[in-house]
Amino acid sequence: MPELPEVEVIRRELEPLLKGKVFAEPALHMPSTIGHPNPDLFTASLPGRIIKNINRTGKYLMIKLDRGILTVHLRMTGNLLYVENSAFEKRFLRVSLPFIDCSALHYLDMRRFGRLWLTETEAELKEMVLKRIGPDILNDLCLEDFLELLSRRQRGRIKALLLDQGFAAGLGNIYTDECLYRSGIDPNRRVQDLKESEAEKLYQSILGVLDDGIKYGGTTFRDYRNARGALGDFQNRLAVYGRKDELCHCGAFIAKTKVAGRGTYYCPRCQK
DNA sequence: GCTTACCTGTCG
DNA sequence: CGACAGGTAAGC
């Protein structure tokens with residue numbers, strides 16, 4: 001479900017709502033959702049801790065506490081939902097994180113892939129959770145660094161590289177296809193064959209697409225909901241993703257193929 | 001690299 | 001019924 005724009009929309013919503021909140025005792029309806037520490041220690045450790053602010057690297061959301069950091073990754077179908085009172089969605093509820101003022105943050109996840117981690121220090125966060133994660137592609141990667149990283153990763157196809165969170169963090173399957181469309185690059189192109197002008201155009205396209213995704217509240221293709229349960233709107237502005245056999249503005253039909261093991265949409269006429 | 005596994009649901 | 005789905009880790 002969520003790629004960088006969806007996680008950023010949730011971050012922007014939650015930060016003002018949660019700042020200063022004090023945790024009460026969590027309810028782990030599915031203990032295996034907790035990646036670290038063990039579920040009993042997680043439950044015992046959280047009460048009394050205070051939320052300071054919320055950060056994001058790629059698709060990871062980091063809730064900074066007065067002591068430690070609570071990190072969330074939504075994987076495919078995770079949903080962080082803020083509620084003012086005890087009323088809540090029961091279906092797919094995996095973890096309830098109530099606050100002492102009776103509001104709560106609920107973690108719901110149909111497919112159960114997502115995880116929550118509580119770590120005590122930044123070093124532990126890096127070690128336990130963000131070990132293989134590259135720089136955030138929207139906030140921590142300038143054009144020069146992007147070109148430099150590209151020059152060191154010449155093997156393989158451009159789509160596979162953009163999806164690699166160790167290269168740069170944040171792009172997923174939908175936004176990768178949209179970025180390659182905007183930059184006119186075939187997803188099957190080999191990285192080594194890209195001209196510098198193409199790499200620059202790709203970088204600018206990435207920033208533009210991610211900004212637009214955030215501006216329109218993220219993409220709800222199926223399951224994505226923001227922290228208040230509302231749908232995104234960017235699915236109505238996608239150029240290629242999910243649009244097989246529909247018309248590109250150029251008049252050609254959008255095609256679907258498989259690249260890097262993922263369903264891939266592109267315009268055979270606009271992308272070379 | 002590619003495939004499989006993790007899960008549940010939907011679509012054809 | 002099989003194929004596929006916004007993600008990622010682990011296995012050849």
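All heavy atoms count here, side chains included; hydrogens, waters and symmetry mates do not. Worth saying up front: this structure is predicted, and the values here are computed from it rather than measured. Chain letters run A, B, ... following the sequence lines, proteins first, then strands; residues in each count from 1.
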>> According to side-chain contact (heavy atoms from CB on, under 4.5 Å), who are the partners of A:Asp140, at least two apart in sequence or on a separate chain?
In response: A:Pro135, A:Asp136
> Between B:dG1 and C:dA5, how far is it from one C1' atom to the other, in whole Å?
Replying inline: 22 Å
>> Determine whether a donor-acceptor pair (N or O, by modelled atom type, separation under 3.5 Å) exists between the side chain of A:Lys59 and the backbone of A:Leu171.
In response: yes
> With a non-hydrogen cut-off below 4.0 angstrom, is A:Lys131 in contact with a base, only sugar-phosphate, or nothing?
Replying inline: nothing
> If you measure from the P atom in C:dA10 to the same atom in B:dC7, how many Å do you get, rounded?
Replying inline: 15 Å
> Which dot-bracket string fits DNA chain B when only Watson-Crick or G-U wobble pairs with both atom distances under 3.5 Å count, crossing pairs get [ ], and | stands for a partner on a different strand?
Replying inline: ||||||.|||||
> Between which nucleotides of DNA chain B, 5' to 3', does chain A make heavy-atom contacts below 4.0 Å?
Replying inline: B:dG1 to B:dG9
>> So, OP1 or OP2 of C:dA5: does either fall under 4.0 Å of a side-chain N or O from A:Lys258?
In response: no
>> According to ring-ring contact (aromatic ring centres under 6.0 Å, His included), does anything in residues 234-265 of chain A pair up with another residue at least two apart or in another chain? List the pairs.
In response: A:Tyr175-A:Phe234, A:Phe221-A:Tyr241, A:Tyr241-A:Tyr265
>> According to side-chain contact (heavy atoms from CB on, under 4.5 Å), who are the partners of A:Ser151, at least two apart in sequence or on a separate chain?
In response: A:Glu148
> Using a cut-off of 4.0 Å on non-hydrogen atoms, how would the nucleic acid contact of A:Tyr175 be classed: base, sugar-phosphate, or nothing?
Replying inline: nothing
> Is there a residue in residues 109-121 of chain A whose heavy atoms reach under 4.0 Å of DNA chain B, and which residues are they?
Replying inline: A:Met110, A:Arg111, A:Arg112, A:Phe113
> Is the distance between the ring centroids of A:Tyr181 and A:Tyr266 under 6.0 Å?
Replying inline: no
> Does any pair with a residue in residues 154-163 of chain A pass salt bridge (charged side-chain N to carboxylate O under 4.0 Å, His left out), and if so which ones, sequence neighbours excluded?
Replying inline: A:Lys159-A:Asp177
> Base, sugar-phosphate, or nothing: which does A:Arg91 touch, judged by heavy atoms less than 4.0 Å apart?
Replying inline: sugar-phosphate
> For A:Ala160, which residues count as a side-chain contact (heavy atoms from CB on, under 4.5 Å) partner, sequence neighbours excluded?
Replying inline: A:Ala260
Return a table of donor-acceptor pairs under 3.5 angstrom between the side chains of residues 41-53 of chain A and protein atoms on other chains or two or more places apart.
| unit_1 | atom_1 | unit_2 | atom_2 | d |
| --- | --- | --- | --- | --- |
| A:Thr43 | OG1 | A:Pro39 | O | 3.0 |
| A:Ser45 | OG | A:Leu41 | O | 2.6 |
| A:Arg49 | NE | A:Ser45 | O | 2.9 |
| A:Arg49 | NH1 | A:Arg67 | O | 2.7 |
| A:Arg49 | NH1 | A:Glu120 | OE1 | 3.1 |
| A:Arg49 | NH1 | A:Glu120 | OE2 | 3.3 |
| A:Arg49 | NH2 | A:Glu120 | OE1 | 3.4 |
| A:Arg49 | NH2 | A:Glu120 | OE2 | 3.1 |

> How many Å lie between NZ on A:Lys244 and P on C:dC4, as a whole number?
Replying inline: 11 Å
> Using a distance-only test with no angle check, is there a side-chain donor-acceptor pair under 3.5 angstrom linking A:Lys21 and A:Ser103?
Replying inline: yes
Protein-nucleic acid N or O pairs under 3.5 Å, nucleotides 8-12 of chain C:
| unit_1 | atom_1 | unit_2 | atom_2 | d |
| --- | --- | --- | --- | --- |
| C:dT8 | OP1 | A:His73 | NE2 | 2.7 |
| C:dT8 | OP2 | A:Lys59 | NZ | 2.8 |

>> Test: salt bridge (charged side-chain N to carboxylate O under 4.0 Å, His left out). Region: residues 183-195 of chain A. Which pairs qualify, not counting sequence neighbours?
In response: A:Arg189-A:Glu198
> Sequence neighbours excluded, which residues qualify as side-chain contact (heavy atoms from CB on, under 4.5 Å) partners of A:Ala230?
Replying inline: A:Asn226
> Of the non-hydrogen atoms in A:Cys267 and A:Ala252, which two are nearest, and what is the gap between them?
Replying inline: SG-CB, 4.2 Å
> Taking side chain as C-beta onward, heavy atoms only, is A:Val240 less than 4.5 Å from A:Leu180?
Replying inline: no
